Protein chains: 2
Amino acid sequence: MKNLPHKTIERLSQYRRALLLCHAKGMTYIYSHEIAKIQHITAVQVRRDIMLIGYTGTLRKGYNVKELIDLIGQIIDSKEGINVCIVGIGNLGRAITNYFSGKRTKLSIVAVFDVDKGKVGKKYYGIECFDIADLTKVIKEKKIEIAIMTVPGEDAPMISDILVKAGIIGMLNYTPKPVNVPKEVYLEEYDMITSLEKVAFFVKTH
Amino acid sequence: MKNLPHKTIERLSQYRRALLLCHAKGMTYIYSHEIAKIQHITAVQVRRDIMLIGYTGTLRKGYNVKELIDLIGQIIDSKEGINVCIVGIGNLGRAITNYFSGKRTKLSIVAVFDVDKGKVGKKYYGIECFDIADLTKVIKEKKIEIAIMTVPGEDAPMISDILVKAGIIGMLNYTPKPVNVPKEVYLEEYDMITSLEKVAFFVKTH
DNA sequence: AGGAAAATGTTAATTATTTCACAATGTTAA
DNA sequence: TTAACATTGTGAAATAATTAACATTTTCCT
Ligand SMILES: NC(=O)c1ccc[n+]([C@@H]2O[C@H](COP(=O)([O-])OP(=O)(O)OC[C@H]3O[C@@H](n4cnc5c(N)ncnc54)[C@H](O)[C@@H]3O)[C@@H](O)[C@H]2O)c1
Ligand SMILES: NC(=O)c1ccc[n+]([C@@H]2O[C@H](COP(=O)([O-])OP(=O)(O)OC[C@H]3O[C@@H](n4cnc5c(N)ncnc54)[C@H](O)[C@@H]3O)[C@@H](O)[C@H]2O)c1
């Protein structure tokens with residue numbers, strides 16, 4: 001069970017998001033091809049992923065929405081919950097903080113950091129903004145394990161080093177500057193320009 | 001050449017971003033292992049990608065930075081340039097607009113749209129904000145081919161349909177609501193929660 | 001001049017991921 | 001009751017992506 005494919009993990013997260021919406025709408029069962037339609041993938045892929053996590057649907061009725069949501073939670077959430085921080089509360093940092101606020105109970109943003117004295121002490125979507133100078137202290141106090149970097153690119157490597165020293169074990173880097181972390185730290189980087197250039201490329205080639 | 005792997009296209013975009021920084025710093029040559037280090041991948045992977053686009057480096061000197069930048073441009077940029085719009089100029093829309101402004105010459109954001117009358121008519125990072133009611137008209141007038149959606153999730157399907165009808169051929173959906181487009185339209189969706197949950201999962205399993 | 005070192009380019013092997021194909025089985029309707 | 005149908009679950013095949021292995025070439029050192 002530990003060696004679920006990376007792609008499967010990503011899709012499980014997406015399935016859950018879709019399932020939560022279905023659940024809110026009062027659906028109790030869902031077919032693999034319905035999930036597939038929402039995610040723009042094939043029904044076989046959905047069934048394979050669900051098979052991999054050991055869940056079994058009902059023939060001709062499909063999957064129980066609530067049960068599947070809970071099982072995905074057992075697989076991808078950590079039991080105790082994980083504390084997350086945002087570093088750099090500009091446009092992007094605020095978009096993310098707002099997007100997360102009150103969403104996942106197992107992943108909570110518990111602090112945001114900024115260098116701007118005008119922002120320090122204020123609250124953003126209910127989360128207190130701390131001085132970047134107190135990064136290490138606050139990370140330790142609040143037991144923060146994952147950091148999301150949304151500072152200007154030129155500051156990213158320096159901040160990344162501080163985060164690693166402070167004991168972060170996972171990092172999501174949204175700055176355009178790739179950073180280096182020791183191999184114990186799980187790093188994910190994402191760049192919208194890459195996505196857009198990919199769209200542009202495949203648009204060209206039909 | 002047309003059938004470059006999807007992953008290679010993504011990496012080429014990233015290589016170019018890194019190479020542009022190197023070029024700005026005055027580097028004229030770069031080794032595959034140096035590019036690899038920046039992107040956290042292997043040198044073989046870099047050489048393979050470069051081989052696929054038909055470029056050849058110099059033994060013991062590596063790749064000519066400028067030439068490689070230009071060649072990647074020839075591969076992934078469209079010759080004429082592509083016009084892009086942002087729909088929904090909230091925190092995320094502004095972050096993206098700012099990030100793109102003045103970056104790529106071949107992909108230009110030429111309009112942003114919003115429903116908020118207080119925003120319509122204003123300029124954001126030099127780009128005029130139009131009324132969402134004029135979406136179709138402006139898309140046609142400005143020959144916009146790609147749209148980036150950053151509206152609230154519940155409006156995404158409706159806006160997506162309008163965009164498709166208006167003639168968009170590529171779409172980047174950042175709302176949490178998956179949308180359906182005809183197969184002629186190239187769609188890319190991205191969700192930060194998925195990325196964060198992936199980080200959280202792999203952090204757990206070392 | 002000759003050998004060691006360091007780099008590229010590429011075929012082949014390996015690994016990861018997706019898809020095919022179909023058995024099994026519950027459901028519906030005649 | 002039975003046949004047609006729709007759906008899940010999964011082994012096997014196919015496809016996609018990465019990595020290993022190494023021949024080749026240039027540079028540098030002695
Ligand atoms: N990955 C992507 O797709 C993507 C998209 C948009 C923006 N970005 C990047 O994300 C980052 C943030 O973008 P934005 O639009 O929010 O920019 P912004 O300027 O609005 O916000 C940056 C924030 O970081 C703060 N800051 C600056 N230096 C700091 C430091 N040393 N420590 C802590 N805080 C500091 C600033 O005070 C500001 O609040 C930029 O690097 C931008 O290039 C990435
Ligand atoms: N994919 C991700 O990772 C990610 C991350 C953060 C936010 N989001 C999503 O991105 C979207 C925007 O986030 P945000 O923080 O910028 O929100 P926001 O509320 O700051 O901005 C939304 C903007 O859209 C405008 N708008 C509303 N309805 C509209 C309509 N019908 N037509 C045109 N414009 C309209 C609003 O006036 C506002 O300016 C939300 O759906 C949010 O959930 C996604």
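Source: prediction; values computed, not measured. Numbers restart at 1 for each chain; the letters A, B, ... are given by sequence-line order, proteins then strands.
If you measure from atom OH of A:Y63 to atom C1' of D:dT7, you get 9 Å, rounded to the nearest angstrom. Following rounding to the nearest Å, A:K7 (NZ) and D:dT18 (C1') show an atom-to-atom distance of 13 Å. Between the CD1 atom of A:I35 and the P atom of D:dG9 there is a distance of 11 Å, given to the nearest Å. As a whole-Å value, the separation of B:H6 NE2 from D:dT18 C1' is 17 Å. Remark: P of D:dT10 and CD1 of A:I53 are 13 Å apart, rounded to the nearest angstrom. For the pair B:Q39 CD and D:dT18 C1', the interatomic distance rounds to 16 Å; values are reported in whole Å. Across the protein-nucleic acid pair, A:R47 atom CZ and D:dT7 atom C1' stand 7 Å apart, rounded to whole Å. The interatomic distance linking B:M51 (CE) with D:dT24 (C1') rounds to 15 Å, in whole Å.
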Assess the residue pair B:Y190 and A:Y190 against the criterion (ring pair (Phe, Tyr, Trp, His ring centres under 6.0 Å)); give the C-alpha distance rounded to whole Å, side-chain angles, the decisive distance to 0.1 Å, and a yes or no. CA-CA 10 Å; B:Y190 175 79; A:Y190 175 79; 3.6 Å; yes
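Using a 4.0 Å cut-off between charged side-chain N and carboxylate O, B:R16 and A:E197 make a salt bridge. Taking the charged nitrogens against the carboxylate oxygens, A:D70 and A:K66 do have a contact shorter than 4.0 Å, which makes a salt bridge. Taking a cutoff of 4.0 Å between a charged side-chain nitrogen and a carboxylate oxygen, A:K198 and B:E188 qualify as a salt bridge.
Among D:dT26, D:dT18, D:dG9, the nucleotide with an atom closest to any side-chain atom of B:L59 is D:dT26.
Residue B:K103 qualifies as enclosed at atom NZ: its count of foreign heavy atoms under 6.0 Å is above 12.
Every residue two or more places apart in sequence or in another chain was checked for a salt bridge (Lys or Arg N to Asp or Glu O under 4.0 Å) with A:D116, and none qualifies. Listed by chain and number, the residues in a side chain to side chain contact (heavy atoms under 4.5 Å, CB included) with B:N83 are B:S108, B:V110, B:K143, B:I144 (sequence neighbours excluded). In this view, A:Y55 and A:E67 satisfy the side-chain hydrogen bond (donor to acceptor under 3.5 Å, both in side chains) rule, not counting sequence neighbours.
Judged by closest nucleotide on DNA chain C, B:K61 is the one of B:K61 and A:I41 placed further toward the 5' end. In terms of position on DNA chain C, the residue among B:Y31 and B:R48 whose nearest nucleotide sits closer to the 5' end is B:Y31.
Among the atoms of the strands shown, only primed sugar atoms or phosphate atoms (P, OP1, OP2) are found under 4.0 Å from some heavy atom of A:T56. Residue-level contact check: A:T8 touches neither bases nor backbone, having no heavy atom under 4.0 Å from any strand.
Counting only distance, with no hydrogens or angles, the side chain of A:R94 and the backbone of A:I89 share a donor-acceptor pair below 3.5 Å. Between the side chain of A:T97 and the backbone N or O of A:G93 there is at least one donor-acceptor pair closer than 3.5 Å. No donor-acceptor distance shorter than 3.5 angstrom exists from the side chain of A:K106 to the backbone of A:E80, with no hydrogens or angles considered.
For the side chain to side chain contact (heavy atoms under 4.5 Å, CB included) test with B:L92, the passing option among A:I96, A:L92, A:N91 is A:L92; the others fail.
Listed by residue number, there are no residues of residues 186-194 of chain B with a heavy-atom contact under 4.0 Å to DNA chain C.
Extent of DNA chain C lying under 4.0 Å from chain B heavy atoms, first and last nucleotide in 5' to 3' order, is C:dA5 to C:dA12.
Scanning atom types as modelled, no donor and acceptor separated by under 3.5 angstrom connect the side chain of B:R60 and the base of D:dC28.
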Encoded 5' to 3' (Watson-Crick or G-U under 3.5 Å; [ ] crossing; | other strand), DNA chain C becomes ||||||||||||||||||||||||||||||
